[in-house]
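See below for the structure under consideration.
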Number of protein chains: 2
Amino acid sequence: MSHMVYSCLMAVDRDHVLRSAAALLTRRATATMDEVARAAGISRATLHRQFAGRDALVRALESLGIAECEAALDAARLDEGPARDAVHRLVREIEPAAGLLAFLYTENQLFEGDGQNTGWTRIDDRIAALFRRGQESGEFRIDLTPAWLTEALYGLLASAAWAVSEGRVAAKDFTRMTVELLLGGALRRDEPRRDEPRHDEPRREES
Amino acid sequence: MSHMVYSCLMAVDRDHVLRSAAALLTRRATATMDEVARAAGISRATLHRQFAGRDALVRALESLGIAECEAALDAARLDEGPARDAVHRLVREIEPAAGLLAFLYTENQLFEGDGQNTGWTRIDDRIAALFRRGQESGEFRIDLTPAWLTEALYGLLASAAWAVSEGRVAAKDFTRMTVELLLGGALRRDEPRRDEPRHDEPRREES
DNA sequence: ACCATGTGAGACATCTTTGTCTCATCAAAG
DNA sequence: CTTTGATGAGACAAAGATGTCTCACATGGT
């Protein structure tokens, strides 16, 4: 009967170790297995018992990132409502995983092998499809390709995660900053009149 | 005297080695000194004669990146004309260095030491000042902080460099894609012709 | 022809990280 | 209490990267 307890504890520990490793490797991508172990509060031996090696750890992190991305994509219901709202939901859902994404995004080593590649392309396709839907519905401009918008979303997520971790941006502004820049850009949308208290919200014409 | 020829050739070789190293390390940040040497067409011994070690090489790359950034900032004349045009000039000037920037951006190892830090903060300040100027002139929206706009510019440059190197975006579209997204965002700016009434755009009174 | 200098090739020791091992300890289930 | 199993600590060798060295070769100036 200890098997149930065993596997349960293992799963919890495994997840905790993965989270800790993600948090550490996001900051220092070259961290040692020993550092990863200490960051997770376990010994290097136990770390090795759960993940055969550094390669397996990174692969597991990649799987975790893919799973969280897909979960965020599902939770965001990209097919419902206006595309811009779907983008907003997507960024909000994916925010907790942004740090991990940023790490995996720079771990170009993964793209040499072919293993997990299909997982990412599936995610890419779903996001690109969202942008394409927005273009076809007339919400998004058509002179920026869905592939570029997808790439830009990744870049902005990574930048935002980095900026938050560095304290340059408040954590509570993560979603708003990312979505507003991705969708609206830096330019003001109304005529540069006086310094009217223009805020981020698209207001109805208040003549 | 041979001294002139000597120093001249050394400088040329040094620059060539740095460019090659930047191009390689952009793709694989963990490349070996031996790989760097082969990529530059020289032997590991010669590489080590020019750069005392990997640390010195990365430091030199950081100096090169700072120098190219500052050169781009100067060439872009950020103080002249509309801020949006200045942003366009900046991206165009900085494009050749985007790959190197992307590498240095992820080399968080550099930020642990304090050495070159002032160089980057100077660059950050100049770019942030540009965005602030655009906000004060009414061109840019004020609900996105200059610090975040600066960070987003870095992220988009890195994303664009990566997307180009992966073939997902045409190299000739680099500047346009980056600037258009950073300034204009993904949303359409004109009023909705067909389709149902828009809910997203802050439109001017559609007569 | 002679020498100087940069270069490539390779040997070598060193250091770090990794992967595997053993052993003592501790907690929980029986 | 006993037993089972996970854990931590540490030793150990293997692998890889780095830094340093020597030596042979080529080039270019004297």
Side-chain angles (χ1 to χ4, degrees), chain A residues 1-62 103 106-110 112-113, chain B residues 1-62 103 106-110 112-113:
Chain A
M1 299 315 187
S2 66
H3 293 75
M4 263 187 73
V5 180
Y6 160 76
S7 56
C8 175
L9 284 178
M10 286 295 284
V12 168
D13 270 328
R14 179 187 162 92
D15 191 75
H16 170 243
V17 170
L18 278 178
R19 305 279 170 190
S20 305
L24 174 60
L25 292 174
T26 295
R27 295 194 304 270
R28 307 201 315 109
T30 63
T32 295
M33 290 291 278
D34 202 80
E35 297 174 283
V36 172
R38 249 196 306 271
I42 62 177
S43 70
R44 198 164 68 93
T46 303
L47 179 60
H48 258 279
R49 287 185 188 107
Q50 290 180 340
F51 302 97
R54 186 190 184 78
D55 211 49
L57 174 64
V58 176
R59 284 305 176 98
L61 282 172
E62 191 183 19
F103 163 68
T106 65
E107 198 78 349
N108 41 21
Q109 174 187 13
L110 300 173
E112 296 179 354
Chain B
M1 314 305 262
S2 65
H3 291 77
M4 264 187 71
V5 179
Y6 160 76
S7 56
C8 175
L9 284 179
M10 285 295 284
V12 167
D13 270 329
R14 179 187 163 92
D15 191 76
H16 169 243
V17 170
L18 278 178
R19 303 281 170 188
S20 305
L24 173 61
L25 291 174
T26 294
R27 294 194 304 269
R28 308 202 312 110
T30 63
T32 297
M33 290 290 278
D34 203 80
E35 296 175 283
V36 172
R38 249 197 305 273
I42 62 177
S43 70
R44 197 165 69 94
T46 303
L47 176 61
H48 213 277
R49 286 184 188 107
Q50 289 179 342
F51 302 97
R54 187 190 183 79
D55 209 51
L57 174 64
V58 175
R59 285 305 177 97
L61 282 172
E62 191 182 18
F103 163 69
T106 64
E107 198 77 352
N108 41 21
Q109 175 187 12
L110 300 173
E112 294 179 355

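Throughout, a chain's letter reflects where its sequence line sits, starting with A, and its residues are numbered from 1.
By the 4.5 Å heavy-atom criterion applied to side chains, A/R14 and A/F51 are counted as neighbours.
In plain terms, the two heavy atoms of A/I42 and A/Q50 that are nearest each other are CD1-OE1, 4.4 Å. Nearest heavy-atom pair across B/V36 and B/A21 is CG1-CB, 3.7 Å. Taking each heavy atom of A/L57 and A/L18 in turn, the nearest pair found is CD1-CD2, 4.0 Å.
Taken to the nearest 0.5 Å, the CZ atom of A/R19 stands 4.5 Å off from the CG atom of A/D15.
The interatomic distance linking B/R14 (CZ) with C/dG6 (C1') rounds to 17 Å, in whole Å. Remark: C1' of C/dA9 and CG of B/L47 are 15 Å apart, rounded to the nearest angstrom. Rounded to an integer number of Å, the gap from B/M33 CE to D/dT20 P is 10 Å. Following rounding to the nearest Å, B/R44 (CZ) and C/dG8 (C1') show an atom-to-atom distance of 12 Å. Whole-Å rounding puts the B/R49 CZ to D/dT22 C1' distance at 10 Å. For B/Q50 and C/dT7, the CD to P distance is 6 Å, given to the nearest whole Å. Atom CG of B/D34 is separated from atom C1' of C/dG10 by 11 Å (rounded to the nearest Å). When rounded to the nearest whole Å, the span between CG of B/D55 and P of D/dG19 equals 8 Å.
Proximity note for A/I42 (side chain, C-beta onward) versus D/dG19, D/dG8, C/dG8: the nearest is D/dG8. For B/A45, whose side chain is taken as the heavy atoms from C-beta onward, the closest listed nucleotide among D/dT7, C/dG19, D/dC21 is D/dC21. Counting only heavy atoms from C-beta on, A/H48 has its side chain closest to C/dT18 among C/dT18, D/dG8, C/dA9.
The residue B/R54 sits close only to the backbone: its heavy atoms come under 4.0 Å of sugar-phosphate atoms, none of a base.
Side-chain N/O atoms of B/S43 include none lying less than 4.0 angstrom from OP1 or OP2 on C/dT7. For D/dA17, one of the phosphate oxygens OP1 or OP2 lies less than 4.0 angstrom from a side-chain nitrogen or oxygen of B/T32.
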